[in-house]
Participant: 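Mind looking over this structure? Questions follow.
Labels below follow one simple rule: chain letters A, B, ... track the order of the sequence lines, proteins then strands, and each chain is numbered from 1. What you see is a predicted model, and the numbers here were worked out from it, not measured in a lab.
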Amino acid sequence: ALIRVPLRKVPTIRSQLRSEGLLQDFLVENRPDMFSRRYAQCFPAGTPSLRLG
Amino acid sequence: RSSEKIYNFMDAQYYGDIALGTPEQNFSVVFDTGSSDLWVPSAYCVTEACALPKRFKAFKSTSFLHDGRQFGINYGSGHLLGVMGRDYLMVAGMMVKRQEFRESVYEPGTAFLKARFDGVLGLGYPALAEILGNPVFDNMLAQNLLDKPIFSFYLSRKLNGSPEGELLLGGTDERLYDLPINWLPVTAKAYWQIKIDSVVVQGVNPFCPHGCQAIVDTGTSLITGPTDDILDIQQLIGATPTNFGEFIVDCARLSNFPQHQHFVLGGKEYTLTSDQYIRKEMLGDRKLCFSGFQAVDMISSEGPLWILGDVFLTQYYSIFDRGQDRVGFAIA
């Protein structure tokens with residue numbers, strides 16, 4: 001009744017994307033809100049929206 | 001919430017094996033205390049993201065029961081679609097009958113092509129499940145497959161350690177931790193949510209002075225907290241932001257990091273040394289050192305949530321008790 005499930009530790013998706021230079025593309029695709037905030041800091045209120053997509 | 005959950009799997013690093021169907025079809029899944037559903041890619045998935053070798057072939061399982069309901073999860077710029085089914089689930093030789101699970105048939109993006117895992121097996125409370133039916137652990141309990149309504153995690157920090165990690169269903173292994181166990185009551189039964197008394201950095205206690213809420217999440221690798229607090233912590237440890245929302249420190253300074261971070265849980269201090277809260281990663285021949293703290297704003301009805309992920313759980317053996325709705329920690 002005690003079940004042992006072995007777990008393997010492997011590099012994260014983030015590490016793999018970083019090593020292949022794909023991390024930024026992934027974040028733009030999956031966290032547009034994060035990048036929107038960054039753009040919002042770069043462009044003051046009143047400038048046209050640069051929301052992704 | 002779904003968006004955050006999927007995004008968080010990019011930091012998952014511990015996987016184990018399960019099998020679904022008759023004959024068995026094998027999958028690697030993240031055993032995730034931060035969600036409550038079981039999902040694997042479907043053989044019917046046609047998008048590039050599903051170009052994985054392991055996909056569930058319902059038509060090859062004689063025990064598969066088609067459910068017919070659909071589910072969808074919005075995230076980022078895309079939408080994950082799937083259908084629900086029911087089949088036998090094998091976990092380390094134990095068979096769970098009539099397990100509801102989700103087959104994803106449309107996954108946008110290609111991130112999961114990079115994953116070493118095929119799906120996710122959630123170990124949270126039923127309230128967190130997005131599909132009807134029992135989560136896996138609830139089914140194990142309902143079918144009297146376990147002696148105790150407990151599961152526990154041992155996560156080793158070393159790659160290729162022995163073992164690299166272990167999930168024990170039905171109890172704990174005292175060889176993997178030092179007594180005593182400090183038990184904390186679950187404050188909201190969805191995530192494994194507990195109360196943090198306070199967070200102390202560099203001997204000062206500007207964080208959670210009156211306590212705050214945290215979830216214990218094996219599906220993410222970092223410790224996360226409200227943006228304002230985490231930015232203050234990064235500043236205190238001298239970490240510099242990258243373009244990707246991460247914070248980096250100079251690896252050469254590691255030996256000079258005198259700071260200890262303390263989480264006070266149930267009146268007991270849980271210490272992380274700099275070697276423990278800094279993640280090291282090789283990029284080509286360069287070593288990068290990242291702060292183990294990350295800003296993620298998660299709001300619950302009890303206030304902002306912190307997440308205690310692998311950075312914390314590699315140091316402390318964690319025990320999840322559904323019988324008494326409590327989480328236990330002991331030195332791993």
Participant: Measure B:Glu166 against the heavy atoms of chain A and call it side chain, backbone, both or neither at under 4.5 Å.
Facilitator: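 Both parts, backbone and side chain.
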
Participant: Heavy-atom distance under 4.5 Å to chain A: side chain of B:Leu283, backbone, both or neither?
Facilitator: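 Only the side chain of B:Leu283 comes within 4.5 Å of chain A.
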
Participant: Holding to salt bridge (charged side-chain N to carboxylate O under 4.0 Å, His left out), I want the full list of residues that pass it with B:Glu246, two or more places apart in sequence or in another chain.
Facilitator: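 Expected list: A:Arg14, A:Arg18.
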
Participant: Measure B:Leu155 against the heavy atoms of chain A and call it side chain, backbone, both or neither at under 4.5 Å.
Facilitator: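 The side chain, not the backbone.
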
Participant: Are any side-chain N or O atoms of B:Asp11 and backbone N or O atoms of B:Ser221, one a donor and one an acceptor, separated by less than 3.5 Å?
Facilitator: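 It does not hold such a pair.
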
Participant: Going by an N to O cut-off under 4.0 Å, is there a salt bridge joining A:Arg8 and B:Asp17?
Facilitator: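 A salt bridge is present here (some side-chain N lies under 4.0 Å from a carboxylate O).
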
Participant: Report which part of B:Leu288 has an atom under 4.5 Å of a heavy atom belonging to chain A: side chain, backbone, both, or neither.
Facilitator: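 For B:Leu288, side-chain heavy atoms alone lie under 4.5 Å from chain A.
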
Participant: Could you tell me whether the side chains of B:Tyr317 and B:Ser152 share a donor-acceptor contact shorter than 3.5 Å?
Facilitator: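 Yes, side-chain donor-acceptor contact under 3.5 Å.
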
Participant: Which bit of B:Thr172 is near chain A, if near means a heavy-atom gap under 4.5 Å: side chain, backbone, both or neither?
Facilitator: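 Answer is backbone: N, CA, C or O of B:Thr172 sit under 4.5 Å from chain A.
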
Participant: With sequence neighbours excluded, tell me which residues meet salt bridge (charged side-chain N to carboxylate O under 4.0 Å, His left out) with B:Arg175.
Facilitator: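 Here the qualifying residues are B:Asp173.
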
Participant: Please classify the contact of B:Phe290 with chain A as side chain, backbone, both or neither, using a heavy-atom distance under 4.5 Å.
Facilitator: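 Just its side chain gets close to chain A.
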
